[in-house]
K.L.:
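The structure's right below; bear with me while I get my questions together.
The figures that follow rest on heavy atoms only: side chains count, while hydrogens, waters and symmetry mates do not. Within every chain, numbering begins at 1; the chains are lettered A, B, ... in the order of the sequence lines, protein sequences first and strands thereafter.
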Amino acid sequence: MSMTLSVSHLRRSYGRDGADVAIADVDFTVRRGEFLCVVGPSGCGKTTLLKCLSGLLPPSSGEVRLGEKVIEEPPDELAMVFQDYSRSLYPWLTVEQNVVLPLKARRVPRAERTDRTREALAAVGLLQARTKRPYQLSGGMQQRVAIARALAYRPEILLMDEPFASIDAQTRAELEDLTLRTRDLFGITVLFVTHDIDEAVYLSDRVVILSPSPATVAEIVDVDLPRPRDQISTKELPEFAALRGHVFRAVRNRPAGTDDPEPPEPAQGAAARPGNVRT
Amino acid sequence: MGGATTGGRIVSRRRGLLIGLEIGVPLAAVATWWALSSSSRSLYFPPLQQIMERFWVNWAQERLATDVAPSLGRLGAGYAIAVVAGVALGVVLGLSPWARKLADPLVGFLRSIPSAALLPFAILVFGVGDEMKVFIIAFVSLWPILLNTVDGVDDADPVMLQSTRIYGIRGARRLFRVVLPAAGPRIAAGMRTSLSLAIIVMIISEMVASTSGIGHFTLQAQRSFQITDMWSGIVLLGVLGYLLNLAFLLFERWLLRWYQASRGMRT
Ligand SMILES: Nc1ncnc2c1ncn2[C@@H]1O[C@H](COP(=O)(O)OP(=O)(O)O)[C@@H](O)[C@H]1O
Ligand SMILES: [Mg+2]
């Protein structure tokens, strides 16, 4: 089964002489089979963190390990859903070909490839669209293709970078539950970046809260809500409200003088999702 | 809704007008030429009717195998070599900044040699046969394809390349399913430029040193004052150039339909 993914003293900077520090010092471990959410303000280095974790970007210092092995290239057992989903798809391939190509690279036998592709496309509600090309789909549909590609790949570790940001609320709830079910079915370890605190608490076993740029770990919150989770009853639990409030305060209460302005206080009332942090 | 329909009608009316112009203007030009030249006594400007008669006799009957076929064969061979070599080298240089650094000065020098300057050398090495023409057509056509391929490969979207890495897509699969399609629009642009160059160089090489070919025939006709024959050669070269470009555009549109559609050029 999947192995532990651990980040130790990760630092990453950009630009000449590494003048732009995106990640200052990040330390945490993703436990085997865990659903870990990462929240933090926009530009604090979440995407950079995922790219270092996946082996796409070399850390400036510190290291990322999968089990005992230091990650230098993306490992075979890892998949990722990119924040720039539309740029991560191949516009010259159909939806189905986009999903199947990684399976070919992994030498999955033909019949199984087809099954897994159809199954994943059906799960995200895109079976009808399988012969279309990405540019014929809406942004949300493109993102679902990227998600189907990751699911069909059946990784041991799944990294997701704000995967539901451009998807409508109804579909989003369905995809959240699909991700949870897939996780249970295959025992996948999931590392999930989001700017939606409700979503983070609903999905995760633990939430890692990052400080504003350059990122450090501000706090790690245990989410011991019962599983399986349910969109209605889980969110009605008093513990859910308490956790959401806790995480929200931890994200908001950051040192003054940061470049990301305070989001305007939403009007009183439950309809405005108080968990939404602008990114 | 009403606005959209009106808009659609305006667009389709405009498109109809454009297509009409595209067909109508050349037809009008030919008709004018035909009418103005019909009573011509000038040695240099024979009536178009006579030119077309010679055109038919020369190109549909007598010289199809002896001149048209060799010309097209040289053009096809030289162009094909340029495409294969240009894309292959371009991919290597596009993928490797190192190789690019090493090759840059040499490529810069070779591509700026005017084709005419190469003729004496090509004749010396290859004689006056087909090899010389194929070589010089290939040499001249190579550079636009090579340089565009390098740029196309180098400009590939980094996020796309990252997802290719994440999913372990490597080697030949990466090359043929990701790198080449991504560079496709640039490669096609290079091939289009090269096709025009290839036709020009084919004609020049046949005029300078040859015993067959449309270019050779056209120059020979001029030298022996067969002006009507000369004109039939010029017309054929013009028509060939036009048709080859048209064929290329159709091929490009089919091959890159994803690109044009994603850029909103077609729906
Ligand atoms: N390729 C890059 N080159 C230079 N700076 C970058 C690059 N990618 C991100 N950054 C910078 O690093 C910081 C963190 O960015 P990112 O990881 O995308 O944050 P987040 O995903 O949390 O919004 C930002 O200040 C951003 O401008
Ligand atoms: Mg990001």
K.L.:
Less than 4.5 Å to any heavy atom of chain A: does that hold for the side chain of B:R170, its backbone, both, or neither?
P.N.:
side chain

K.L.:
Nearest heavy-atom pair of B:R173 and A:L101: which atoms, and what distance?
P.N.:
CD-CD1, 3.8 Å

K.L.:
In terms of heavy-atom proximity below 4.5 Å to chain B, should A:L93 be classed as side chain, backbone, both, or neither?
P.N.:
side chain

K.L.:
Kindly give the heavy-atom pair with the smallest separation between A:G55 and B:R165, and that separation in Å.
P.N.:
O-NH2, 3.2 Å

K.L.:
Does A:R106, at its CZ atom, have more than 12 non-hydrogen atoms belonging to other residues, nucleotides or ligands within less than 6.0 Å?
P.N.:
yes

K.L.:
To the nearest 0.5 Å, what is the distance between OG (A:S86) and CG (B:D157)?
P.N.:
8.5 Å

K.L.:
Are side-chain heavy atoms of B:Q162 and A:M80 found at a separation under 4.5 Å?
P.N.:
no

K.L.:
Would you check if B:L256 and A:W92 make a side-chain contact, meaning some heavy-atom pair closer than 4.5 Å?
P.N.:
no

K.L.:
Between A:K51 and chain B, which part of the residue has a heavy atom less than 4.5 Å away: side chain, backbone, both or neither?
P.N.:
side chain

K.L.:
Measure the OH-CD distance between A:Y135 and B:Q260 for me, rounded to the nearest 0.5 Å.
P.N.:
9.5 Å

K.L.:
Do the side chains of B:Y259 and A:P91 get nearer than 4.5 Å, heavy atoms only?
P.N.:
no

K.L.:
Before you tell me yes or no, could you show the steps for A:Y90 and B:T164 under side chain to side chain contact (heavy atoms under 4.5 Å, CB included), namely the whole-Å CA-CA distance, both residues' side-chain angles and the distance that decides it to 0.1 Å?
P.N.:
CA-CA 10 Å; A:Y90 307 111; B:T164 306; 2.7 Å; yes

K.L.:
Heavy-atom distance under 4.5 Å to chain B: side chain of A:D84, backbone, both or neither?
P.N.:
both

